[in-house]
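Notes follow once the structure below has been shown.
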Amino acid sequence: GAGVSQSPSNKVTEKGKDVELRCDPISGHTALYWYRQSLGQGLEFLIYFQGNSAPDKSGLPSDRFSAERTGGSVSTLTIQRTQQEDSAVYLCASSLGGGSLGETQYFGPGTRLLVL
Amino acid sequence: AQSVTQLDSQVPVFEEAPVELRCNYSSSVSVYLFWYVQYPNQGLQLLLKYLSGSTLVKGINGFEAEFNKSQTSFHLRKPSVHISDTAEYFCAVTLNSGGYQKVTFGIGTKLQVIP
């Protein structure tokens, strides 16, 4: 079956512009996660969705970052007024959800964002 | 709070040699442990995971890991590496937090297999 997909795969933008990153999870997966992968920083948790609600937004680095999920499926991560330090690979993952322990997360290929 | 330490940022190893990638964790509660692999320009994929039971866990591509509770470690091993194993490897711990799994990843270890 289809895996997690993300678009665009690469995005180059100018400082100060807004960007939208899209994630299509695996069909039927109710849990969705966004991570940021910066050079030498590992994976940084940004936000978690269960269905359309986001019980944990603790990882969003500033109020310039927001995310939404509609129809329990597609999610969009928006970065407003981008800064050069926002340059990173943004990864989306989904899992079955339901709170079962030890669930595997399935990752998309990521969106590589470069802010000039 | 939980944390994961991957002591080696890069590990070069010759083809067909054994390799061990180290992972230590800290947590005040029981955790579940994972290793993910990221091949160049791809997303992460699960290599293996420990939930309970036997402390020796076997994963894909001939990798295995051993959970050692007393040493709070979950080191990844392979007896003979192949060129195709060149990738970045992430150790992760997860615990149940407010009804969902909060996952903490290590910073990753880049395995470079030398022909």
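Values below: all heavy atoms of this structure, side chains included; hydrogens, waters and symmetry mates excluded. Proteins get letters first, then strands, A, B, ... in listed order; numbering begins at 1 in each.
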Query raised in the report: Which region of A:L43, side chain (C-beta onward) or backbone (N, CA, C, O), has a non-hydrogen atom less than 4.5 Å from a non-hydrogen atom of chain B, or is it both or neither?
Result: both

Query raised in the report: Do the ring centers of B:F105 and A:Y35 come within less than 6.0 Å of each other?
Result: yes

Query raised in the report: Tell me, side chain or backbone of B:Y36 under 4.5 Å from chain A's heavy atoms, or both, or neither?
Result: side chain

Query raised in the report: Side chain, backbone, both or neither: which part of B:Q42 has a heavy atom under 4.5 Å from chain A?
Result: backbone

Query - Ring centres under 6.0 angstrom apart (B:F74, B:F34) - result: no

Report summary line: Minimal heavy-atom distance between B:Q38 and A:Q37, with the atoms involved, is OE1-NE2, 2.9 Å

Query raised in the report: Do NZ/NE/NH1/NH2 and the carboxylate oxygens of B:E20 and B:K78 come within less than 4.0 Å?
Result: no

Report summary line: Highest number of heavy-atom pairs under 4.5 Å with chain B among A:G42, A:G108, A:S9, A:S95 belongs to A:G42

Report summary line: Ranking B:I107, B:L46, B:L44, B:L33 by heavy-atom pairs under 4.5 Å to chain A gives rank one to B:L44

Query - Lys/Arg N to Asp/Glu carboxylate O, B:D8 vs B:K110, below 4.0 Å - result: no

